[in-house]
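Please read the structure below before turning to the comments.
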Amino acid sequence: MSTRAEQLLDWYDRDRRDLPWRMAPGEKADPYKVWMSEIMLQQTTVVTVKSYYKAFLKKWPSVQDLAGADLDEVLHAWQGLGYYARARNLHKCAQVVTRDHNGRFPESEKRLLELPGIGPYTAAAIASIAFGLKATPVDGNVERVVSRLFMVEETLPKAKKQLAELAQTLTPTTRAGDFAQAMMDLGATICTPKKAACGICPWMKGCVARLEGEPTDYPKKEAKKPKPTRKAYLFWIARQDGSVLLRKRPEKGLLGGMMEFPSSTWRQEEVSQANALREAPLDALWKKKEGIVKHTFTHFHLELTVLVGRVSRNPPVNGIWVKLEDLKDHALPTLMKKVAKHAITH
DNA sequence: GAGACGTGGTA
DNA sequence: TTACCAAGTCT
């Protein structure tokens, strides 16, 4: 009779997924690569991360290379991945590791936790995957697998502590890194949120939710609050030479450090065009663009009405003028790409 | 501790 | 179309 850990590791060795950041069996892990992949994978799917991971490793092969880059360059490479604080912290962390740790990531969960952008999950992931230490990273996958395996009735997020403790009891002394990745792979491919593939699960026999309940009913969660909708007018300002006005957002907060087209304040209340125009960066003859741009963030919906303004010369204004074909050279979040597409479509 | 913080895929 | 969901962290 093998332990649960052994059953899962057998499955992992047999069905191991080939991922860009995953080393071959026996191959020594590169902490820089493990760290890079774990930061990118926070709240983000494997499919989305793959191309970004390869691009970052090619552009910045070592932590020193990344530390020497400009933040704008890093944000530009990160554009589209979302949660831009991750990119800002990635850059900061590379500089701390380079300057304060001689270019090497500290080899303990506790000290990894002190680095920017590294929380409990990522510290445990790097400790176990990169350094072979016994640690138990607990992400959404692990919470789901464990909640079903033990049929935990407590709701998330209250159940977090209990689920983490249960996950720890499963973690083997050896191959903790492989075990962690196996748990996450199990959650990503078999023990999925909807329509779990229990028939091919290596843990089907001991799963309490499968024996006594409905696995996909777990983990139990608190009801979510509805998202409010915010609205604003966006100013698409085109100069005679065909360039448009772009400006940088504040370094912190939503889309921090990314570029944007100017807009009125995003408000939950209804805004008139006349009031919005008082926030325009300059005076122009405005023409409302047909239709609206919709975008949803984590905590609110956004609806933008685009006002096209044409200016002739080079008015004094805060921001930079960028030709349409050069927009790709700037760190534009997906929302602003949507806006650009909408604005230039007839 | 609860809310801020992106985006794309899926049902 | 809307809502949910994904390898979380920071304040």
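Every chain is numbered from 1, with letters handed out A, B, ... down the list of sequences. Owing to the predicted nature of the structure, the values given are computational and were not obtained by experimental measurement.
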Identify, residue by residue, the members of residues 164-185 of chain A with a heavy atom below 4.0 Å from DNA chain C, and return them in order of residue number, or none. M184(A), D185(A)
Look at all strands and tell whether P137(A) reaches a base, only sugar-phosphate, or nothing, counting heavy atoms closer than 4.0 Å. nothing
Just how far, in rounded Å, is P of dG3(B) from CD of E222(A)? 12 Å
Kindly point out which of dC10(C), dC5(C), dG6(B) is positioned nearest to the side chain of N89(A)? dC10(C)
With the 4.5 Å side-chain cut-off for hydrophobic clustering, are L19(A) and Y32(A) part of the same group? yes
What integer distance in Å separates L254(A):CG from dG3(B):P? 17 Å
At under 4.0 Å between heavy atoms, what does R144(A) touch on the DNA or RNA strands: base, sugar-phosphate, or nothing? sugar-phosphate
Is there a donor and acceptor pair, one atom on the side chain of T298(A) and one on the base of dG6(B), closer than 3.5 Å? yes
Indicate, with a heavy-atom threshold strictly under 4.0 Å, whether G253(A) touches base, sugar-phosphate, or nothing. sugar-phosphate
Separation of E114(A) atom CD from dT9(C) atom P, in whole Å? 15 Å
M40(A) and its side-chain contact (heavy atoms from CB on, under 4.5 Å) partner, picked from W35(A), Y53(A), Y83(A): Y53(A)
Look at the side-chain N and O atoms of H295(A) and state whether any lies under 4.0 Å from the OP1 or OP2 oxygen of dG6(B). no
Using a 4.0 Å heavy-atom cut-off, does I118(A) contact any base of the nucleic acid, only the sugar-phosphate backbone, or nothing at all? sugar-phosphate
Does a side-chain N or O of T296(A) approach OP1 or OP2 of dG6(B) to a distance below 4.0 Å, or not? no
To the nearest 0.5 Å, atom CG of L332(A) lies from atom CE of M258(A) at 7.0 Å
Rounded interatomic separation in angstrom, taking NE2 from H91(A) and P from dT9(C): 21 Å
Let me know the distance between CD1 of I126(A) and C1' of dT9(C), rounded to the nearest Å. 13 Å
If you measure from the P atom in dG6(B) to the same atom in dT11(C), how many Å do you get, rounded? 14 Å
Do the side-chain N or O atoms of Y83(A) get closer than 4.0 angstrom to the phosphate oxygens (OP1, OP2) of dA6(C)? no
Are L9(A) and L133(A) linked, directly or through other ILVMFWY residues, by side chains that come within less than 4.5 angstrom of each other? no
When hydrophobic residues are tied together by side-chain contacts of less than 4.5 Å, even through go-betweens, does L307(A) share a cluster with L302(A)? no
Take atom P in dG3(B) and the same atom in dC4(C), then report the distance between them in whole Å. 15 Å
Does the cation-pi check pass for K220(A) over Y218(A), that is, NZ or CZ under 6.0 Å from the six-membered ring centre and within 45° of its axis? yes
Determine the contact category for L19(A): base if any of its heavy atoms lies under 4.0 Å from a base atom, sugar-phosphate if only primed atoms, P, OP1 or OP2 are that close, otherwise nothing. base
Residue-phosphate contact under 4.0 Å: K227(A) side-chain N/O, dC4(C) OP1/OP2: no
Within the structure shown, what part of the strands sits under 4.0 Å from V46(A) by heavy-atom distance: base, sugar-phosphate, or nothing? base
Please determine, by modelled atom types, if E279(A) and T265(A) share a side-chain donor-acceptor pair under 3.5 angstrom. yes
For dG3(B), does either OP1 or OP2 sit under 4.0 Å from a side-chain N or O belonging to H299(A)? no
Within this structure, what is the OH-to-C1' distance between Y52(A) and dA6(C), rounded to whole angstrom? 15 Å
Taking atom types as modelled, is there a side-chain donor on Q42(A) or R86(A) under 3.5 Å from an acceptor on the other? no
dC10(C) phosphate, OP1 or OP2: any side-chain N/O from R86(A) under 4.0 angstrom? no
Looking for any heavy atom pair under 4.0 Å, which part of the strands does G256(A) touch: base, sugar-phosphate only, or nothing? nothing
Using a cut-off of strictly less than 4.0 Å, decide whether T45(A) has a side-chain nitrogen or oxygen near OP1 or OP2 of dG8(B). no
Quick check for you: among dT7(B), dC5(C), dA6(C), whose closest atom lies nearest to any side-chain atom of Q43(A)? dA6(C)
F297(A) and H295(A) aromatic centres sub-6.0 Å: yes
Distance, rounded to the nearest Å, where K294(A) contributes NZ and dT7(B) contributes P: 17 Å
Measuring to OP1 and OP2 of dG8(C), would you say a side-chain N or O of Q42(A) lies under 4.0 angstrom away? no
Report yes if at least one side-chain N or O of K225(A) is closer than 4.0 Å to OP1 or OP2 of dG3(B); otherwise report no. yes
By nearest nucleotide on DNA chain C, pick out whichever of H301(A) and T122(A) is the more 5' one. H301(A)
Please give, in whole Å, the distance from dT7(B) P to W78(A) CH2? 13 Å
With a 4.0 Å limit, can you tell me whether T334(A) has a side-chain N or O closer than that to the phosphate oxygens OP1/OP2 of dT7(B)? yes
For T44(A) and P157(A), take the nucleotide of DNA chain B holding the closest heavy atom to each; which residue's nucleotide lies nearer the 5' end? P157(A)
Check the side chains of Q64(A) and T98(A) for a donor-acceptor pair under 3.5 angstrom, ignoring hydrogens and angles. no
dG6(B), dA11(B), dT9(C): which one has an atom nearest the side-chain heavy atoms of L255(A)? dG6(B)
